[in-house]
Number of protein chains: 2
Amino acid sequence: MLSKTFAYALRAVTYVAVHSKEGKKVNLEQLSEGIDVPQPFLGKIMQDLVRQGVLKSMKGPGGGFWTDEYSLKLPAFEILKATDGYAVLTSCLMGKKNCNSSLPCPLHAEYALCRDTLFDALRNTRISDLAQKVEAKEIFLAEDN
Amino acid sequence: MLSKTFAYALRAVTYVAVHSKEGKKVNLEQLSEGIDVPQPFLGKIMQDLVRQGVLKSMKGPGGGFWTDEYSLKLPAFEILKATDGYAVLTSCLMGKKNCNSSLPCPLHAEYALCRDTLFDALRNTRISDLAQKVEAKEIFLAEDN
DNA sequence: CGAATAAAAGATAATAATATCTTTTTATAT
DNA sequence: ATATAAAAAGATATTATTATCTTTTATTCG
(Lines give C-alpha, C1' and ligand atoms only; values in the text may rest on other atoms or scores of the structure.)
Protein backbone atom coordinates (compact mmCIF):
# COMPACT_ATOMS: atom_id res chain seq x y z
CA MET A 1 0.00 0.00 0.00
CA LEU A 2 2.79 2.42 0.92
CA SER A 3 6.25 1.97 -0.54
CA LYS A 4 9.58 2.05 1.22
CA THR A 5 10.38 5.01 -1.03
CA PHE A 6 7.49 6.92 0.52
CA ALA A 7 8.62 6.02 4.02
CA TYR A 8 12.11 7.36 3.23
CA ALA A 9 10.63 10.54 1.73
CA LEU A 10 8.39 11.17 4.74
CA ARG A 11 11.32 10.94 7.12
CA ALA A 12 13.55 12.99 4.86
CA VAL A 13 11.10 15.87 4.47
CA THR A 14 10.42 15.86 8.20
CA TYR A 15 14.14 15.92 9.02
CA VAL A 16 14.73 18.78 6.59
CA ALA A 17 11.77 20.68 8.03
CA VAL A 18 13.13 20.35 11.58
CA HIS A 19 16.54 21.66 10.57
CA SER A 20 15.18 24.41 8.37
CA LYS A 21 13.72 26.00 11.46
CA GLU A 22 17.25 26.62 12.58
CA GLY A 23 17.89 28.40 9.30
CA LYS A 24 20.10 25.61 8.06
CA LYS A 25 20.30 23.69 4.86
CA VAL A 26 20.68 19.93 5.13
CA ASN A 27 23.04 18.25 2.71
CA LEU A 28 22.50 14.74 1.40
CA GLU A 29 25.20 13.09 3.51
CA GLN A 30 23.89 14.58 6.73
CA LEU A 31 20.33 13.67 5.82
CA SER A 32 21.25 10.12 4.88
CA GLU A 33 22.94 9.61 8.23
CA GLY A 34 20.21 11.42 10.12
CA ILE A 35 17.40 9.17 8.89
CA ASP A 36 19.45 6.02 8.19
CA VAL A 37 18.71 5.68 4.47
CA PRO A 38 21.19 4.82 1.67
CA GLN A 39 22.53 8.10 0.35
CA PRO A 40 22.54 7.41 -3.39
CA PHE A 41 18.92 6.22 -3.40
CA LEU A 42 17.91 9.08 -1.14
CA GLY A 43 19.44 11.52 -3.67
CA LYS A 44 17.02 10.20 -6.27
CA ILE A 45 14.07 10.55 -3.97
CA MET A 46 15.03 14.09 -3.00
CA GLN A 47 15.11 15.08 -6.67
CA ASP A 48 11.48 14.06 -7.07
CA LEU A 49 10.53 15.98 -3.93
CA VAL A 50 12.26 19.11 -5.22
CA ARG A 51 10.74 18.69 -8.66
CA GLN A 52 7.28 18.45 -7.08
CA GLY A 53 7.87 21.62 -5.07
CA VAL A 54 7.86 19.91 -1.69
CA LEU A 55 11.43 21.02 -0.90
CA LYS A 56 13.98 23.56 -2.05
CA SER A 57 17.55 22.74 -3.01
CA MET A 58 20.82 24.32 -4.03
CA LYS A 59 24.03 22.88 -5.37
CA GLY A 60 27.53 23.94 -4.40
CA PRO A 61 29.28 24.94 -1.17
CA GLY A 62 26.79 25.48 1.61
CA GLY A 63 24.18 23.88 -0.62
CA GLY A 64 21.59 21.34 0.40
CA PHE A 65 17.88 21.07 1.01
CA TRP A 66 15.48 23.22 3.00
CA THR A 67 11.78 23.98 3.49
CA ASP A 68 10.25 27.43 3.26
CA GLU A 69 7.05 28.88 4.69
CA TYR A 70 5.07 27.58 1.77
CA SER A 71 6.29 24.00 1.87
CA LEU A 72 5.89 23.75 5.66
CA LYS A 73 2.17 24.31 5.11
CA LEU A 74 1.89 21.53 2.53
CA PRO A 75 0.02 18.39 3.58
CA ALA A 76 2.11 15.24 3.94
CA PHE A 77 -0.08 13.90 1.18
CA GLU A 78 2.09 15.82 -1.29
CA ILE A 79 4.98 13.54 -0.33
CA LEU A 80 2.88 10.51 -1.23
CA LYS A 81 1.98 12.05 -4.56
CA ALA A 82 5.65 12.78 -5.28
CA THR A 83 6.82 9.22 -4.52
CA ASP A 84 3.96 6.84 -5.26
CA GLY A 85 1.78 8.83 -7.61
CA TYR A 86 -2.00 8.69 -7.89
CA ALA A 87 -2.50 4.94 -8.47
CA VAL A 88 -2.18 4.17 -4.74
CA LEU A 89 -5.25 6.30 -4.05
CA THR A 90 -7.50 3.62 -5.48
CA SER A 91 -5.22 0.65 -4.87
CA CYS A 92 -6.80 -2.52 -3.64
CA LEU A 93 -6.09 -6.22 -3.26
CA MET A 94 -7.29 -6.67 -6.81
CA GLY A 95 -4.30 -4.67 -7.97
CA LYS A 96 -4.96 -2.95 -11.27
CA LYS A 97 -8.22 -4.77 -11.85
CA ASN A 98 -11.49 -3.00 -11.43
CA CYS A 99 -12.64 -3.19 -7.87
CA ASN A 100 -15.03 -0.82 -6.25
CA SER A 101 -17.84 -0.79 -3.76
CA SER A 102 -20.34 -2.18 -6.26
CA LEU A 103 -18.01 -4.98 -7.41
CA PRO A 104 -15.93 -5.59 -4.31
CA CYS A 105 -13.14 -8.07 -3.66
CA PRO A 106 -13.16 -10.22 -0.52
CA LEU A 107 -11.51 -7.60 1.69
CA HIS A 108 -12.68 -4.46 -0.05
CA ALA A 109 -14.72 -2.92 2.71
CA GLU A 110 -11.96 -3.16 5.29
CA TYR A 111 -9.12 -2.43 2.93
CA ALA A 112 -10.65 0.64 1.30
CA LEU A 113 -11.56 2.04 4.71
CA CYS A 114 -8.03 1.45 5.90
CA ARG A 115 -6.47 3.01 2.83
CA ASP A 116 -8.76 6.03 2.93
CA THR A 117 -8.22 6.56 6.65
CA LEU A 118 -4.48 6.54 6.14
CA PHE A 119 -4.65 8.90 3.19
CA ASP A 120 -6.98 11.26 5.07
CA ALA A 121 -4.43 11.36 7.88
CA LEU A 122 -1.82 12.38 5.32
CA ARG A 123 -4.11 15.06 3.91
CA ASN A 124 -4.75 16.44 7.37
CA THR A 125 -1.13 16.51 8.50
CA ARG A 126 1.09 19.37 7.48
CA ILE A 127 4.82 19.02 7.13
CA SER A 128 5.18 21.54 9.95
CA ASP A 129 3.04 19.29 12.18
CA LEU A 130 5.47 16.43 11.62
CA ALA A 131 8.44 18.65 12.46
CA GLN A 132 6.76 19.72 15.69
CA LYS A 133 6.18 16.12 16.70
CA VAL A 134 9.87 15.32 16.20
CA GLU A 135 10.82 18.29 18.36
CA ALA A 136 8.37 17.15 21.02
CA LYS A 137 9.90 13.65 20.77
CA GLU A 138 6.53 12.18 19.88
CA ILE A 139 7.91 10.63 16.68
CA PHE A 140 11.36 9.47 15.58
CA LEU A 141 13.07 9.47 12.21
CA ALA A 142 15.67 6.79 12.86
CA GLU A 143 16.33 4.15 15.46
CA ASP A 144 19.11 5.74 17.42
CA ASN A 145 17.99 9.26 17.16
CA MET B 1 1.28 -4.32 3.73
CA LEU B 2 -0.51 -7.12 1.97
CA SER B 3 1.12 -8.86 -0.95
CA LYS B 4 -0.32 -9.76 -4.32
CA THR B 5 0.38 -13.36 -3.34
CA PHE B 6 -1.96 -13.00 -0.38
CA ALA B 7 -4.65 -11.46 -2.57
CA TYR B 8 -4.38 -14.41 -4.93
CA ALA B 9 -4.52 -16.89 -2.06
CA LEU B 10 -7.61 -15.23 -0.51
CA ARG B 11 -9.50 -15.45 -3.76
CA ALA B 12 -8.30 -18.99 -4.41
CA VAL B 13 -9.33 -20.34 -1.04
CA THR B 14 -12.69 -18.61 -1.30
CA TYR B 15 -13.28 -20.03 -4.77
CA VAL B 16 -12.38 -23.53 -3.63
CA ALA B 17 -14.64 -23.17 -0.58
CA VAL B 18 -17.61 -22.16 -2.74
CA HIS B 19 -17.15 -25.15 -5.02
CA SER B 20 -16.49 -27.60 -2.21
CA LYS B 21 -20.02 -27.02 -1.00
CA GLU B 22 -21.12 -28.66 -4.21
CA GLY B 23 -19.01 -31.64 -3.28
CA LYS B 24 -16.53 -30.89 -6.06
CA LYS B 25 -12.79 -30.69 -6.25
CA VAL B 26 -11.32 -27.74 -8.11
CA ASN B 27 -8.31 -28.36 -10.29
CA LEU B 28 -5.61 -25.80 -10.87
CA GLU B 29 -6.65 -24.90 -14.41
CA GLN B 30 -10.26 -24.28 -13.44
CA LEU B 31 -9.19 -22.28 -10.41
CA SER B 32 -6.74 -20.17 -12.39
CA GLU B 33 -9.44 -19.27 -14.87
CA GLY B 34 -12.06 -18.77 -12.19
CA ILE B 35 -10.07 -16.15 -10.31
CA ASP B 36 -7.96 -14.80 -13.17
CA VAL B 37 -4.51 -15.61 -11.76
CA PRO B 38 -1.52 -17.10 -13.65
CA GLN B 39 -1.72 -20.85 -13.26
CA PRO B 40 1.94 -21.72 -12.67
CA PHE B 41 2.31 -19.12 -9.93
CA LEU B 42 -1.01 -20.12 -8.42
CA GLY B 43 0.21 -23.72 -8.22
CA LYS B 44 3.05 -22.55 -6.01
CA ILE B 45 0.70 -20.62 -3.77
CA MET B 46 -1.67 -23.56 -3.46
CA GLN B 47 1.15 -25.77 -2.28
CA ASP B 48 1.80 -23.47 0.65
CA LEU B 49 -1.89 -23.40 1.48
CA VAL B 50 -2.08 -27.18 1.47
CA ARG B 51 1.13 -27.46 3.47
CA GLN B 52 -0.32 -25.11 6.09
CA GLY B 53 -3.51 -27.16 6.31
CA VAL B 54 -5.76 -24.48 4.89
CA LEU B 55 -6.82 -26.68 1.95
CA LYS B 56 -6.81 -30.33 0.97
CA SER B 57 -5.44 -31.68 -2.28
CA MET B 58 -5.09 -34.81 -4.31
CA LYS B 59 -3.10 -35.66 -7.40
CA GLY B 60 -4.27 -37.81 -10.30
CA PRO B 61 -7.49 -38.12 -12.32
CA GLY B 62 -10.33 -36.38 -10.54
CA GLY B 63 -7.75 -34.69 -8.32
CA GLY B 64 -7.70 -31.07 -7.25
CA PHE B 65 -8.28 -28.93 -4.21
CA TRP B 66 -11.12 -28.82 -1.69
CA THR B 67 -12.06 -27.58 1.78
CA ASP B 68 -13.46 -29.73 4.54
CA GLU B 69 -15.53 -28.92 7.62
CA TYR B 70 -12.41 -28.07 9.56
CA SER B 71 -10.86 -25.71 7.02
CA LEU B 72 -14.12 -23.86 6.40
CA LYS B 73 -14.04 -22.83 10.06
CA LEU B 74 -10.52 -21.47 9.83
CA PRO B 75 -10.14 -17.70 10.00
CA ALA B 76 -8.95 -15.97 6.84
CA PHE B 77 -5.99 -14.96 8.92
CA GLU B 78 -4.54 -18.41 8.32
CA ILE B 79 -4.26 -17.54 4.63
CA LEU B 80 -2.19 -14.48 5.52
CA LYS B 81 0.07 -16.60 7.69
CA ALA B 82 0.51 -19.13 4.88
CA THR B 83 1.46 -16.51 2.29
CA ASP B 84 3.09 -13.60 4.08
CA GLY B 85 4.21 -15.11 7.34
CA TYR B 86 4.39 -13.42 10.71
CA ALA B 87 6.55 -10.40 9.84
CA VAL B 88 3.60 -8.49 8.39
CA LEU B 89 1.92 -8.55 11.79
CA THR B 90 4.31 -5.94 13.07
CA SER B 91 5.19 -4.34 9.75
CA CYS B 92 5.47 -0.61 9.65
CA LEU B 93 6.81 2.20 7.51
CA MET B 94 10.16 1.71 9.20
CA GLY B 95 10.38 -1.70 7.60
CA LYS B 96 12.50 -4.10 9.64
CA LYS B 97 13.73 -1.39 11.97
CA ASN B 98 12.44 -1.22 15.46
CA CYS B 99 9.31 0.87 15.58
CA ASN B 100 6.70 0.65 18.26
CA SER B 101 4.35 2.87 20.16
CA SER B 102 7.09 4.12 22.48
CA LEU B 103 9.48 4.88 19.58
CA PRO B 104 7.05 5.65 16.77
CA CYS B 105 7.75 6.66 13.17
CA PRO B 106 5.92 9.61 11.61
CA LEU B 107 2.82 7.63 10.63
CA HIS B 108 2.92 4.95 13.27
CA ALA B 109 -0.34 5.71 15.04
CA GLU B 110 -2.41 5.69 11.89
CA TYR B 111 -0.50 2.90 10.19
CA ALA B 112 -0.55 0.49 13.13
CA LEU B 113 -4.25 1.10 13.68
CA CYS B 114 -4.91 0.46 10.03
CA ARG B 115 -2.82 -2.70 9.97
CA ASP B 116 -4.35 -4.06 13.17
CA THR B 117 -7.89 -3.27 12.02
CA LEU B 118 -7.27 -5.15 8.79
CA PHE B 119 -5.71 -8.12 10.57
CA ASP B 120 -8.52 -8.22 13.11
CA ALA B 121 -10.98 -8.37 10.23
CA LEU B 122 -9.06 -11.36 8.89
CA ARG B 123 -9.11 -13.02 12.31
CA ASN B 124 -12.83 -12.51 12.62
CA THR B 125 -13.73 -13.77 9.16
CA ARG B 126 -14.00 -17.47 8.54
CA ILE B 127 -13.38 -19.02 5.17
CA SER B 128 -17.01 -20.13 5.17
CA ASP B 129 -18.08 -16.50 5.67
CA LEU B 130 -16.22 -15.52 2.51
CA ALA B 131 -17.82 -18.33 0.55
CA GLN B 132 -21.26 -17.20 1.73
CA LYS B 133 -20.58 -13.66 0.59
CA VAL B 134 -19.65 -14.87 -2.88
CA GLU B 135 -22.85 -16.86 -3.08
CA ALA B 136 -24.81 -13.81 -1.96
CA LYS B 137 -22.95 -11.80 -4.66
CA GLU B 138 -21.65 -9.43 -2.02
CA ILE B 139 -18.06 -10.00 -3.08
CA PHE B 140 -16.41 -11.08 -6.35
CA LEU B 141 -13.33 -13.13 -7.11
CA ALA B 142 -12.61 -11.92 -10.62
CA GLU B 143 -13.71 -9.08 -12.83
CA ASP B 144 -16.09 -10.87 -15.14
CA ASN B 145 -17.43 -13.29 -12.68
C1' DC C 1 39.27 31.87 -13.17
C1' DG C 2 39.71 27.62 -10.89
C1' DA C 3 39.01 24.51 -6.97
C1' DA C 4 35.89 22.56 -4.01
C1' DT C 5 31.32 21.56 -2.71
C1' DA C 6 27.05 19.49 -3.54
C1' DA C 7 22.85 18.55 -6.19
C1' DA C 8 21.24 16.42 -10.61
C1' DA C 9 21.16 12.99 -13.82
C1' DG C 10 22.27 8.84 -16.25
C1' DA C 11 23.73 4.16 -16.10
C1' DT C 12 23.98 -0.06 -13.87
C1' DA C 13 23.35 -3.62 -10.18
C1' DA C 14 21.10 -6.25 -6.47
C1' DT C 15 17.10 -7.93 -4.34
C1' DA C 16 12.42 -9.27 -3.85
C1' DA C 17 8.13 -10.32 -5.78
C1' DT C 18 5.81 -12.21 -9.45
C1' DA C 19 5.77 -15.29 -13.21
C1' DT C 20 6.95 -19.17 -16.38
C1' DC C 21 8.82 -23.58 -17.80
C1' DT C 22 10.15 -28.34 -17.17
C1' DT C 23 10.38 -32.51 -14.69
C1' DT C 24 8.93 -35.61 -11.05
C1' DT C 25 5.69 -37.81 -8.21
C1' DT C 26 1.25 -39.45 -7.02
C1' DA C 27 -3.31 -41.33 -7.89
C1' DT C 28 -6.97 -43.27 -10.67
C1' DA C 29 -8.98 -45.90 -14.34
C1' DT C 30 -8.63 -49.29 -17.77
C1' DA D 1 0.99 -52.85 -15.81
C1' DT D 2 0.25 -48.77 -18.29
C1' DA D 3 -1.76 -44.42 -19.70
C1' DT D 4 -3.67 -40.32 -18.27
C1' DA D 5 -4.63 -36.71 -15.10
C1' DA D 6 -3.13 -33.52 -11.94
C1' DA D 7 -0.50 -31.88 -7.93
C1' DA D 8 4.32 -31.10 -6.36
C1' DA D 9 8.74 -29.54 -6.92
C1' DG D 10 12.79 -27.64 -8.97
C1' DA D 11 14.80 -24.47 -12.12
C1' DT D 12 14.68 -20.29 -14.51
C1' DA D 13 12.90 -15.77 -16.16
C1' DT D 14 10.71 -11.22 -15.85
C1' DT D 15 9.37 -7.18 -13.54
C1' DA D 16 9.43 -3.83 -10.02
C1' DT D 17 11.62 -1.91 -6.21
C1' DT D 18 15.53 -0.73 -3.93
C1' DA D 19 20.26 0.29 -4.23
C1' DT D 20 24.89 1.68 -6.08
C1' DC D 21 28.21 3.87 -9.15
C1' DT D 22 29.83 7.41 -12.32
C1' DT D 23 29.51 11.66 -14.67
C1' DT D 24 27.63 16.24 -15.33
C1' DT D 25 25.99 20.58 -13.89
C1' DA D 26 25.52 24.41 -10.79
C1' DT D 27 27.12 27.36 -7.11
C1' DT D 28 30.28 29.50 -3.85
C1' DC D 29 34.66 31.07 -2.29
C1' DG D 30 39.39 32.40 -2.59
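Residue numbering restarts at 1 for every chain, and letters A, B, ... go by the order of the sequence lines. Hydrogens, waters and symmetry mates play no part in the numbers below; they use all other heavy atoms, side chains included.
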J.: Given atom CZ of A:F6 and atom P of D:dT17, what is their separation to the nearest angstrom?
T.: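 A:F6 atom CZ is separated from D:dT17 atom P by 16 Å.
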J.: Measure the distance from CH2 on B:W66 to P on D:dA7 and round it to the nearest whole Å.
T.: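 Roughly 11 Å, once rounded to whole Å.
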J.: Would you say A:S71 and A:D68 are linked by a side-chain donor-acceptor pair, where the criterion is simply a distance under 3.5 Å?
T.: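 Result is yes, a qualifying pair exists.
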J.: Nearest whole Å is fine: how far is D:dA8 P from B:Q52 CD?
T.: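 Going from B:Q52 (CD) to D:dA8 (P), I get 13 Å.
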J.: Under 3.5 Å, side chain of A:R115 to main-chain N/O of A:S91, donor-acceptor pair present?
T.: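 Side chain of A:R115 to backbone of A:S91, a donor-acceptor pair under 3.5 Å: yes, one is there.
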J.: Quick check against the 3.5 Å criterion: does A:T83 have a side-chain atom that pairs as donor or acceptor with the backbone of A:I79?
T.: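 Here the side-chain-to-backbone pair exists.
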J.: Starting from P on C:dA17, measure out to CD1 on B:I45 and report it in whole angstrom.
T.: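 B:I45 atom CD1 is separated from C:dA17 atom P by 13 Å.
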J.: Could you give the CG-to-P distance, from B:L2 to C:dT18, as a whole number of Å?
T.: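 Whole-Å distance recorded here is 11 Å.
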J.: Using a 4.0 Å cut-off on protein heavy atoms (strictly under), produce a 5'-to-3' string for nucleotides 2-12 of chain C with B for base contact, S for backbone-only sugar-phosphate contact, and - for none.
T.: --BBBBBBBB-
J.: Could you tell me whether B:K56 sits above the aromatic face of B:W66, with NZ or CZ closer than 6.0 angstrom to the six-membered ring centre and within 45 degrees of the axis?
T.: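 Pair B:K56/B:W66 does not count as cation-pi.
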J.: Respond yes when some side-chain nitrogen or oxygen of B:Y8 is under 4.0 Å from OP1 or OP2 of C:dT18, and no when none is.
T.: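 Result: no.
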J.: A:P40 near the nucleic acid: base, sugar-phosphate alone, or nothing, with a heavy-atom cut-off under 4.0 Å?
T.: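 Contact class for A:P40: base.
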J.: Round to the nearest Å and state the distance from B:F41 atom CZ to D:dT14 atom P.
T.: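 Rounded to the whole Å, the gap is 16 Å.
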J.: How many Å lie between NZ on B:K4 and C1' on C:dT20, as a whole number?
T.: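 Nearest whole value for this atom pair: 14 Å.
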J.: Mind calculating the distance between CG (A:L42) and P (D:dC21) to the nearest angstrom?
T.: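 After rounding, the gap between these two atoms is 15 Å.
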J.: Hey, is the main chain of A:L80 close enough, under 3.5 Å, to the side chain of A:D84 for a donor-acceptor pair?
T.: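 No; zero donor-acceptor contacts below 3.5 Å.
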J.: How far does CG of B:L49 sit from CG of B:L55, to the nearest 0.5 angstrom?
T.: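 Spacing of CG (B:L49) from CG (B:L55) equals 5.5 Å.
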